[in-house]
Amino acid sequence: MSTSPAAPPITRFAPSPTGYLHIGGARTALFNWLYARRFGGTFRLRIEDTDRQRSTEDAIAKIFDGLRWLGLDWDGEVVFQFARAAGHAAAAKALLEKGLAYRCYCSPEELTAMRDQARAEGRPPRYDGRWRDRDPAEAPPGIAPVIRLKAPREGETVVADLVQGEVRFPNSELDDMILLRSDGTPTYMLSVVVDDHDMAISHVIRGDDHLTNTARQIQLYQGLGWASPTFAHIPLIHGPDGAKLSKRHGALGVEAYRDMGYLPEAMRNYLLRLGWGHGDDEIISTEQAVAWFGLDAVGRSPARFDFAKLDNLNGHYLRDAADERLVERVGTMLADRTGVPITGADAIRLAAAMPGLKARAKTLLQLTDSALFLVTRRPLALDDKARRLVAGGAAKHLAEFRIALAVLEPWSAAGIEAAARAFTEATALKLGDLAQPLRAALTGSTVSPPIFETAEILGRDEVLGRIDDVVDAAFAPENG
RNA sequence: GUCCCCAUCGUCUAGAGGCCUAGGACACCAGCCUUUCACGUUGGUAACACGGGUUCGAAUCCCGUUGGGGACGCCA
């Protein structure tokens with residue numbers, strides 16, 4: 001059934017630290033992590049920081065944070081690619097000595113002109129190999145050369161991909177790529193190949209935007225005389241508009257999802273289902289995913305990112321989450337919101353209300369919103385719908401019901417409910433006629449956890465006070 | 001433009017020639033439950049892009065068309 005590797009696989013996630021860890025990268029990391037964990041292998045992290053201009057410390061920190069938040073732990077030390085530049089250059093030199101690479105003295109301007117002209121003439125924009133067989137003696141003075149791979153011009157290069165199948169590229173389509181820049185630093189193409197080889201990476205699982213690169217990289221492996229790793233190119237995640245989700249195009253960093261109140265386990269489940277499936281299963285725990293994951297079930301078509309489904313999954317995991325964990329998160333968020341730390345009676349109320357609250361929220365943000373009334377100081381500001389509910393006769397009923405509440409013993413949800421039912425029976429009201437205004441008075445809203453339970457949690461003094469606030473406002477002279 | 005990839009409900013997907021009058025999930029609509037909302041539950045709307053083959057038989061295989069996406073940097 002599931003194709004298992006001959007030996008424990010070694011996978012890697014190799015982001016470039018030029019921004020945050022975006023959602024597509026997160027999924028790539030997840031798949032690599034899952035594959036390694038599934039087959040008892042190793043999952044490594046390599047920071048591809050060879051672009052010194054654009055790599056930043058901040059971006060590196062964000063990648064670490066993002067992976068940690070997602071719970072994707074890596075094995076061994078993080079490899080920083082730039083630190084290995086000398087080794088990359090050595091590989092290029094070796095190729096040069098074998099006659100499989102050459103110096104090219106074209107200036108960047110010359111190359112741009114070459115590409116522009118090709119495009120203008122409807123030809124593919126590629127380097128024409130003008131220095132491939134030219135005598136280095138003809139080199140113009142004062143120009144530092146780049147080193148290019150002398151790639152085969154005949155035949156084809158085939159990528160045997162675990163997801164995409166066998167993909168063939170005519171070698172005529174692949175030009176002589178640059179290995180070493182004129183300043184002697186290695187390019188991405190050279191670095192990945194050398195590093196993946198040196199790190200003994202067995203499976204390269206990455207976005208399929210790298211598929212064409214793979215053909216070139218295979219040429220490099222061949223030139224270096226190394227065996228290629230196994231490749232698996234997973235389809236990209238697209239935005240709602242169907243275009244590639246990238247840093248430049250609407251992709252959010254994982255920390256944005258964290259801040260929007262999504263749980264890491266929900267993210268993992270959602271990302272897993274984008275491009276991978278296991279029959280009709282939808283809710284898949286990470287443990288289950290580790291047991292089931294395989295590259296043969298990865299689809300080949302791109303998927304669009306859909307917040308509605310993420311919300312649904314997050315709601316599920318929220319309901320599943322331990323109350324203490326949610327209390328801690330929501331407590332912090334409430335404190336940020338109100339500027340007052342959640343302690344004492346507020347903390348007790350929040351903890352008591354959590355089971356009822358979490359059943360109704362899709363995100364931690366919503367959960368925080370819905371918990372706000374618990375820690376808000378009187379008098380509460382009622383929203384429009386709530387205000388309408390306590391207008392007129394309802395306030396009178398509340399005032400009357402308050403009398404019963406004031407002497408109710410013991411103070412419990414069941415007791416309050418019994419009192420409410422007795423009250424409505426005696427006054428020929430429907431339970432909702434009392435419960436809804438009560439909800440409005442106690443929570444300032446028309447939506448909340450079960451109101452009798454909520455009343456118990458709030459405590460008698462607070463409940464009576466909140467009722468008084470509403471009743472007083474209703475009967476204040478200026479309000480008629 | 002050239003090369004490469006993709007194509008099942010709005011979205012994520014199941015489907016590896018007959019089990020498909022195409023299944024599930026999200027979203028949406030209606031009902032039930034109910035003190036509100038949510039959960040849960042019942043039912044509903046909704047898809048094999050198109051055209052040719054191959055075959056007794058095609059969502060599944062082949063070709064083409066169309067549509068979408070990706071790659072074409074001294075970025076990664």
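In what follows, chains carry the letters A, B, and so on, assigned in the order in which the sequence lines appear, proteins first and then strands, with residues in each chain numbered from 1. If you're wondering where the values come from, they're calculated on a predicted model, not measured in any experiment.
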- line: The nucleotide from A27(B), C12(B), C5(B) with an atom nearest the side chain of N312(A) is A27(B)
- line: Closest of U35(B), A76(B), U2(B) to the M189(A) side chain is A76(B)
- request: Check whether the side chain of D208(A) and the base of G70(B) form a donor-acceptor pair under 3.5 Å.
  value: no
message: Looking only at the side chain of I178(A) (C-beta and beyond, no hydrogens), which of the listed nucleotides C74(B), C3(B), U36(B) gets closest?
response: C74(B)
- prompt: With respect to the side chain of P124(A), which nucleotide from U2(B), C37(B), A7(B) is positioned closest?
  reply: U2(B)
task: Determine, for F31(A) and R27(A), whether the Lys NZ or Arg CZ falls below 6.0 Å from the six-membered ring centre while staying within 45 degrees of the axis.
output: yes
message: Which nucleotide, if any, forms a Watson-Crick or G-U wobble pair with G67(B), using both distances under 3.5 Å?
response: C6(B)
query: Hey, are D183(A) and T185(A) close enough side-chain-wise for a donor-acceptor pair under 3.5 Å?
result: yes
query: Quick one: which of C12(B), C26(B), A76(B) gets closest to the side chain of H210(A)?
result: A76(B)
message: Quick one, Y317(A) with Y262(A), criterion ring pair (Phe, Tyr, Trp, His ring centres under 6.0 Å). Give me CA distance, side-chain angles, the key distance, then yes/no.
response: CA-CA 9 Å; Y317(A) 284 100; Y262(A) 294 103; over 10 Å; no
- prompt: Reckon S445(A) has a side-chain N or O less than 4.0 Å from the OP1 or OP2 of U36(B)?
  reply: no
message: For A435(A) and R273(A), find the nucleotide of RNA chain B closest to each by heavy atoms; which residue's nucleotide sits nearer the 5' end?
response: R273(A)
field: Nearest-neighbour nucleotide for the T50(A) side chain, A27(B), G70(B), A76(B) considered
entry: A76(B)
task: Side chain of L236(A) only, please: which of A14(B), U36(B), G70(B) is the nearest?
output: G70(B)
query: Which pair of heavy atoms, one from Y102(A) and one from W131(A), lies closest together, and at what distance?
result: CD1-O, 3.2 Å
task: Tell which nucleotide pairs with C72(B), taking only Watson-Crick or G-U wobble pairs whose two distances are both under 3.5 angstrom.
output: G1(B)
query: With both distances under 3.5 Å as the test, what is the Watson-Crick or G-U wobble partner of C28(B)?
result: G44(B)
field: Closest listed nucleotide, where the reference is the side chain of V167(A) and the choices are G24(B), U2(B), C4(B)
entry: C4(B)
message: Tell me whether the side-chain N/O atoms of R421(A) come closer than 4.0 Å to OP1 or OP2 in U35(B).
response: yes
query: Considering only side-chain heavy atoms of L431(A), which listed nucleotide, C6(B), U35(B), C37(B), is closest?
result: U35(B)
message: Taking the minimum atom-to-atom distance to the side chain of R115(A), which one of U35(B), G73(B), A76(B) wins?
response: G73(B)
